[in-house]
Amino acid sequence: MSGAAPVRKPMLAVREALDFLLAAARPVADVEQVPTLEANGRVLAEDQVSLLDVPAADNTQMDGYAVRAADCVDGGARLRVAQRIPAGTVGQPLEPGTAARIFTGALIPEGADAVVMQEQCEVEKMRDGDHVIVRHAPQAGEWIRRAGEDVRNGAVILPAGTRLRGQELGLAASVGLASLPVRRRLRVAVFFTGDELAMPGEALKPGAIYNSNRFTLRGLLENFGCEFTDYGIVPDSLQATRDTLRQAARSHDLIITSGGVSVGEEDHIKPAVEAEGRLNMWQIAVKPGKPLAFGEVRRSGENAGENAGENGGDAAFFVGLPGNPVSSFITFLLFVRPFLLRLQGVTGPVEPRTIAMRADFDWPKPDRRNEFLRVRMNDSGGVDLFPNQGSGVLTSTVWADGLVDNPPGQAIAPGDVVRFIPFAALQY
């Protein structure tokens with residue numbers, strides 16, 4: 001029927017959009033060997049197997065005295081101190097009726113089966129040497145770390161797909177791994193659209209704004225260990241946008257833009273990406289956010305194959321974020337972050353866990369979209385709400401220390417339990 005209004009497509013749920021992104025992700029294939037000291041934030045490409053036990057032999061957890069438990073059954077045994085065993089040395093077999101002064105990490109001498117803390121002992125100086133009175137009846141095995149108690153020879157200590165943090169690097173070092181096979185760093189291109197954008201340090205013309213998104217996105221990409229190229233602010237023209245997309249696609253795995261993803265006459269992202277590859281324009285039931293563009297940009301020129309990106313080498317992924325500062329920031333955390341982690345090769349969970357927290361605020365008029373409210377934990381164990389939840393209020397992201405994941409249409413009253421996501425869990 002002529003003149004009929006166009007049918008509005010239903011908005012995608014947050015879960016649907018995220019599932020689509022994660023299913024499309026192709027991890028980078030290139031692997032490089034890097035020193036363990038330089039592997040922080042990298043993603044393991046292969047399982048790491050220990051070739052030794054940790055500890056390698058039984059050793060003491062405490063400074064004290066190595067004894068035979070059978071010599072100390074009455075809680076007041078008096079034993080001659082026959083030897084002193086610092087960490088890094090090997091003692092002599094322990095004779096019955098004697099004790100060995102021993103220090104944390106030192107190997108347990110043959111014949112000893114327990115360690116008594118020095119606080120439970122008294123030392124007597126005698127002509128024939130030191131004696132120790134043991135004011136404790138130890139059980140066999142007391143304060144002894146057994147060989148292989150931490151790691152067994154042949155065990156997989158770190159599986160492929162692990163994103164390495166300080167503790168993983170320490171574990172790798174503890175079994176002697178001097179270098180690790182990791183996937184190469186993700187290469188990301190970023191650019192920003194809008195003739196109204198200016199850089200800090202420049203005088204603002206009428207109607208102009210400073211490009212805060214450039215700084216936010218660069219900081220986030222640095223947090224995730226990406227190699228990135230910043231093409232800066234691209235003029236609001238179709239040709240300039242296409243030229244930048246082609247250049248960025250040649251040597252990057254992912255292109256991220258901010259702004260220009262609506263359908264206005266000056267928004268050129270959609271036609272530019274469609275001309276250079278393929279694009280999905282999504283309206284997501286999320287607030288702040290809603291518009292998100294996802295697609296691919298061909299690497300091989302104008303007449304490249306019809307199916308851009310089916311082979312991991314012939315296209316770069318494309319994500320277009322909204323231009324409002326808070327929308328861009330939160331959309332990155334919710335959607336781009338897990339997508340990045342999958343591209344980097346992370347195989348474990350990439351979505352943050354929520355924490356049940358008490359709401360110390362009122363939210364009586366919820367939106368029909370899934371809201372992510374900027375909140376901050378308080379000293380009484382609840383969360384407070386930033387008073388202005390507008391998508392352009394960047395101060396809310398600095399004041400807050402996390403988000404409340406509020407389902408569509410869900411009002412919140414003080415005392416209700418809400419799902420809290422700390423920013424710390426979203427920027428790792």
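One is the number of the first residue; the rest follow in order along the sequence.
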Practice prompt. Spell out, as yes or no, whether a donor-acceptor pair under 3.5 Å connects the side chain of D113 to the backbone of A69.
Written response: yes
Discussion item. Between N213 and L217 (side chain of the first, backbone of the second, donor and acceptor by atom type, cut-off under 3.5 Å), is there such a pair?
Written reply: no
Fill in: Test side chain to side chain contact (heavy atoms under 4.5 Å, CB included) applied to I412 and L373, step by step
CA-CA 11 Å; I412 301 172; L373 308 172; 4.1 Å; yes
Practice prompt. Please check if the side chain of T36 supplies one atom and the backbone of L177 the other of a donor-acceptor pair under 3.5 Å.
Written response: yes
Worksheet item: For the atom pair CD1 (I284) and CD (E16), what is the distance rounded to the nearest 0.5 Å?
Response: 10.0 Å
Worksheet item: Do F317 and F339 have their ring centres less than 6.0 Å from each other?
Response: yes
Item to complete: Report yes or no: does S50 contribute a side-chain atom to a donor-acceptor pair with the main-chain N or O of A155 at less than 3.5 Å?
Response: no
Worksheet item: Distance from Q92 atom CD to L94 atom CG, nearest 0.5 Å?
Response: 11.0 Å
Worksheet item: Got a salt bridge between E351 and R15, using NZ or NE/NH1/NH2 to carboxylate O under 4.0 Å?
Response: yes
Worksheet item: Taking the side chain from N324 and the backbone from S327, do they hold a donor-acceptor pair closer than 3.5 Å?
Response: no
Worksheet item: Rounded to the nearest 0.5 Å, what separation is found between the CD atom of Q283 and the CG atom of L292?
Response: 9.5 Å
Worksheet item: Does one side chain, of Q239 or D243, offer a donor that lies under 3.5 Å from an acceptor on the other?
Response: yes
Worksheet item: Does V326 reach the side chain of R374, with side-chain heavy atoms less than 4.5 Å apart?
Response: yes
Worksheet item: Rounded to the nearest 0.5 Å, how far apart are CD1 of I102 and CD1 of I85?
Response: 4.5 Å
Discussion item. I'd like to know if the side chain of R163 and the backbone of V43 have a donor-acceptor N/O pair within less than 3.5 Å.
Written reply: no
Discussion item. Can you tell whether the side chains of E32 and R42 come within less than 4.0 Å, N to carboxylate O?
Written reply: yes
Worksheet item: Where do D47 and P159 come nearest, in terms of heavy atoms and distance?
Response: OD1-CA, 3.4 Å
Worksheet item: Is atom CD of E227 surrounded by more than 12 heavy atoms (other residues, nucleotides or ligands) closer than 6.0 Å?
Response: yes
Worksheet entry | Non-hydrogen atoms of V34 and A39 that approach each other most closely | CG2-CB, 3.8 Å
Worksheet item: Does the side chain of F335 come within less than 4.5 Å of F294's, by heavy atoms?
Response: no
Discussion item. Is any side-chain heavy atom of M357 closer than 4.5 Å to one of V404?
Written reply: no
Discussion item. Could you go through T331 and V319, starting from their C-alpha distance and side-chain angles, then the distance that decides it, and tell me whether this counts as side chain to side chain contact (heavy atoms under 4.5 Å, CB included)?
Written reply: CA-CA 10 Å; T331 304; V319 175; over 6 Å; no
Practice prompt. Would you mind reporting whether C72 and H136 have side-chain heavy atoms less than 4.5 Å apart?
Written response: no
Worksheet entry | Considering all heavy atoms, the nearest L180-L169 contact | CD1-CD2, 4.2 Å
Discussion item. Between R187 (side chain only) and T229 (backbone N and O only), is there a donor and an acceptor less than 3.5 Å apart?
Written reply: no
Discussion item. Donor-acceptor pair, distance only, cut-off 3.5 Å: does the side chain of N370 make one with the backbone of N406?
Written reply: yes
Response to the item:
One should read off an interatomic distance between L158 CG and Q167 CD, to the nearest 0.5 angstrom, of 10.0 Å
Worksheet entry | Among I255, L254, I256, side chain to side chain contact (heavy atoms under 4.5 Å, CB included) partner for F318 | I255
Worksheet item: Hey, are R184 and D253 close enough for a salt bridge, meaning a charged N less than 4.0 Å from a carboxylate O?
Response: yes
Discussion item. Does Q427 have more than 12 heavy atoms from other residues, nucleotides or ligands lying within 6.0 Å of its CD?
Written reply: yes
Response to the item:
Taking every heavy atom of R369 against every heavy atom of K287, the minimum-distance pair comes out as NH2-CD, 3.5 Å
Practice prompt. Could you please spell out the steps behind the side chain to side chain contact (heavy atoms under 4.5 Å, CB included) verdict for I233 and M199?
Written response: CA-CA 9 Å; I233 301 169; M199 286 295 292; 4.3 Å; yes
Worksheet item: Tell me, do E142 and V116 make a side-chain contact under 4.5 Å, heavy atoms counted?
Response: no
Worksheet item: Is the closest side-chain heavy-atom distance between L340 and L221 below 4.5 Å?
Response: yes
Worksheet item: So, does D401 use its side chain to make a donor-acceptor pair with the main chain of M377 at under 3.5 Å?
Response: yes
Practice prompt. Please work out whether the ring planes of F224 and F332 are parallel, tilted or perpendicular, with thresholds of 30° and 60°.
Written response: tilted
Worksheet item: For the rings on F329 and F423, is their centre-to-centre separation under 6.0 Å?
Response: yes
Item to complete: Step through the shown structure and confirm whether more than 12 heavy atoms of other residues, nucleotides or ligands are within 6.0 Å of CH2 on W363.
Response: yes
Worksheet item: Got V28 and Q344 here, is their nearest side-chain heavy-atom distance under 4.5 Å?
Response: no
Worksheet item: Quick one: does Q33's side chain get under 4.5 Å of P181's, heavy atoms only?
Response: yes
Discussion item. Is it the case that over 12 heavy atoms from other parts of the model lie below 6.0 angstrom from the CG atom of L37?
Written reply: no
Fill in: Exam field: side chain E276 to backbone R298, donor-acceptor pair closer than 3.5 Å
no
Worksheet item: Does any donor atom in the side chain of T354 or R419 lie under 3.5 Å from an acceptor atom in the other side chain?
Response: no
Discussion item. Testing the 3.5 Å rule here: is there a donor-acceptor pair between the side chains of S380 and R358?
Written reply: yes
Worksheet entry | Intermediate values then yes/no, side chain to side chain contact (heavy atoms under 4.5 Å, CB included), R152 and D53 | CA-CA 5 Å; R152 286 288 185 187; D53 286 335; 4.0 Å; yes
Worksheet entry | Reported OG1-to-CH2 distance for the pair T60 and W143, which is rounded to 0.5 angstrom | 9.0 Å
Response to the item:
Here the pair of heavy atoms bringing T104 nearest to Q61 is CG2-O, 3.7 Å
Worksheet entry | Heavy-atom closest contact (L245 atom, V297 atom, distance) | O-CG1, 3.9 Å
Item to complete: For the residue pair Q118 and R101, confirm or rule out a side-chain donor-acceptor distance under 3.5 Å.
Response: yes
